[in-house]
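Reviewing the structure listed below.
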Amino acid sequence: MVNVLGRRPYTNRFSAKYLTKVGTQAWSENPNIAVCAGFSLQTRLIAKHGNFRQIPTFAPFLESDPFPNMRKPLILPAVSITGIADRGKGVGRTEDGLVVFVEDAVPGDVVDVYVQKKKGGFAEGVIQEVITYSPKRVPHFCDHFKVCGGCKWQYLDYADQLEQKQQVAYDALLRIGKLDIDELLPILGAEETRYYRNKLEFTFANRRWLLKEELGDPSLDATRALGFHRAGFFDKIVDIQHCWLQADPSNAIRNTIRQIALEQQLSFYDIRAHVGFLRNLLVRLCTTGECMVVVSFGYDDQEAIQLFLDTVLERFPQQITTLVFNVNTKKNDALFDLDMQTYYGKGYVEEVLGEVRFKIGPKSFFQTNTAQAKRLYDVVVDFAGLTGTENVYDLYTGTGSIALYLAKYCKQVVGIEEIPAAIADAEENKRMNGIENAIFYAGDVKNVLSPEFVTRHGKPDLVITDPPRAGMHEKAVRFLLDLAAPRIVYVSCNPATQARDLQLLSEKYHTLKAQPVDMFPHTHHIENVALLVARDQR
């Protein structure tokens, strides 16, 4: 990494326009001056005409400051990291009480912090130098760690990860929500912390992210990559060789598909110019042993598509049970509006949760950690306390997985979901399992819920709500208060917005207990389940 006067490179808190102006002048004196143009800290060169381009070698240490008029960087020395905040950043305080959020810091670390943002009573930054390493740090096991940005907590022992996640969930409920909770249950950790995902999506790109030791190596092909986006760069892809998130044959399928593409001299997608043949790859594995592969092509060339897919099937005659493709000429990668064409197999895979079988197509949403999904749903069933006579509303039902999972425990369950395709999946899974007491509606929860809806389906004895990260719309919260169901089970992937909603609901509800569940080891993501009871029912 280039240092200017021994400091960390300047970041994009300075405008590119200003950097260009001062950099062009400095270029005439020393063509090796480099600055950082982005929070990713990748080395950049200000060229003669003011254009940024990646350079193959690092600029030498400079004896004089090329940008004397620029604000000097702020370094906070010897900050002790005491915990982990939301989004996974380490948090500590300076001696004068300033709260500091630090990327990649672990509780127990003592670090000098390079400040990227300072506002009011807090600052955000990155590690300038580690003074003392935390005893909780462990060696990471992935070669792509810190580059792809997927498993940011690999350097933290899993037991400590669970402790931190549990504390984040508790802090959200108690400090943000200011809730009085009878019982805070310990977090449910995952038995498998590697190869736990059932779905991964990869991107083909003609711009490969190069590591600093790879810069300037003429033997490396930087125009072909298949993997994950580099954090902060929409057009740079980390070429993944081995991913620890999904079990075999996922790695073999991805690496072989890359090799087939090279053998057939197929173009990888240019994310900037929106041209190229190979665009995206999706691999889904099920506990039933079924495997679905979906390939997205940038344009329609039937001869090339057939040759490519035939070769893929020849290499994996047993492992791939269904092969699907689409042609995507849009500027975004969304699958929902694309025509899926089944090239081999039945066009979908089947997964099992408990006694319920789910049909999962290329566009279907399904919990990506199957084992932990079952544990999560078991918590919901336990909190629901159903006896078989209840009328249940399932808000934000998705493909109806929770509704169908608990249908056998209640008299009727009514699910509402905004995405029509998800409701179509719910109806199909309902038929496949012979479930007759589930009803599904497509529409925005805040609009579908109405007095007429309640009149049609009856007042619920229990409401289950599992909203997206943003939480529930205030209109939906208000309707739940007016609806006054005896109990609510709130499932959340964001404890902060859950705490906000629970605080609003506390007008009529008491939060009886909460149960965090870890769905994604080595990340900061947390699921949390809360049971609410109407105050007049206590």
Side-chain angles (χ1 to χ4, degrees), residues 1-3 6-13 36-43 73-94 98-119 122-168 171 193-194 209-213 227-233 236 238 240 243-245 496 518 520-526:
M1 181 59 63
V2 178
N3 274 335
R7 297 193 300 267
R8 199 175 190 91
Y10 297 101
T11 67
N12 64 355
R13 59 192 174 94
C36 173
F39 285 108
S40 70
L41 304 182
Q42 182 180 11
T43 307
L74 173 61
I75 306 296
L76 300 176
V79 177
S80 295
I81 305 300
T82 56
I84 290 180
D86 189 29
R87 311 298 298 179
K89 291 185 178 182
V91 61
R93 287 181 183 269
T94 61
L98 179 69
V99 177
V100 187
F101 299 98
V102 188
E103 192 77 35
D104 296 332
V106 171
D109 283 345
V110 179
V111 296
D112 290 344
V113 181
Y114 177 87
V115 176
Q116 295 173 318
K117 176 182 178 182
K118 186 173 182 292
K119 183 178 180 180
F122 73 93
E124 297 180 13
V126 295
I127 296 174
Q128 170 78 3
E129 184 178 352
V130 178
I131 307 303
T132 304
Y133 283 100
S134 169
K136 296 182 178 181
R137 280 188 175 268
V138 296
H140 62 82
F141 51 83
C142 180
D143 291 339
H144 304 292
F145 178 65
K146 280 196 174 181
V147 182
C148 89
C151 304
K152 289 188 175 182
W153 281 15
Q154 278 189 22
Y155 49 65
L156 187 61
D157 181 75
Y158 187 59
D160 291 311
Q161 291 182 33
L162 293 177
E163 180 182 336
Q164 293 300 325
K165 290 186 180 188
Q166 177 176 283
Q167 194 59 49
V168 168
D171 286 347
T193 62
R194 305 179 187 184
W209 178 267
L210 296 177
L211 303 176
K212 63 181 182 180
E213 60 267 21
F228 300 125
H229 286 266
R230 175 70 168 99
F233 286 82
K236 293 291 196 314
V238 180
I240 300 296
C243 180
W244 295 81
L245 289 174
D518 184 24
F520 303 103
H522 311 301
T523 76
H524 67 273
H525 298 291
I526 316 164

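Here the structure is a predicted model, which is why all the values come from computation and not from measurement. Side chains are part of it too, since the values below use all heavy atoms of this structure and drop only hydrogens, waters and symmetry mates.
Between the side chain of Gln161 and the backbone N or O of Trp153, at least one donor-acceptor pair lies under 3.5 Å. The closest donor-acceptor contact from the side chain of Gln128 to the backbone of Val111 lies at 3.5 Å or more, if one exists at all. Listed for the His229 side chain is no donor-acceptor partner under 3.5 Å among the backbone atoms of Ala231. Distance alone, capped at 3.5 Å, places no donor-acceptor pair between the Asp157 side chain and the Lys136 backbone.
Counting heavy atoms from C-beta outward, Ile84 and Pro107 have side chains that approach closer than 4.5 Å. Here the side chains of Arg230 and Val147 are in contact, with some heavy-atom distance below 4.5 Å. Side-chain contact between Ile240 and Cys148: present, with at least one pair of heavy atoms (C-beta onward) separated by less than 4.5 Å. Between Val115 and Ile75 there is no side-chain heavy-atom pair separated by less than 4.5 Å.
In terms of heavy-atom proximity, Val126 sits nearest to Val102 at C-CG1, 4.0 Å. Contact record, Val110 with Ser80: CG2-OG, 3.9 Å, taken as the closest heavy-atom pair. For the residue pair Leu245 and Cys151, the shortest heavy atom distance occurs at CD2-SG, 3.7 Å. Contact record, Ile127 with Glu103: CG1-O, 3.8 Å, taken as the closest heavy-atom pair. Leu76 and Ala123 make their closest contact through CD1-CB, 4.5 Å (heavy atoms, listed as atom of the first residue, atom of the second, distance). Closest of all the heavy-atom pairs between Ser134 and Gly108 is CB-C, 3.4 Å.
Salt bridge present: Asp109 and Arg137 bring a charged side-chain N and a carboxylate O closer than 4.0 Å.
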* What's the verdict on salt bridge (charged side-chain N to carboxylate O under 4.0 Å, His left out) for Lys165 and Asp518, showing C-alpha distance, side-chain angles and the deciding distance? -> CA-CA 8 Å; Lys165 290 186 180 188; Asp518 184 24; 2.6 Å; yes

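Remark: aromatic rings of Phe141 and His522 are close, center separation under 6.0 Å.
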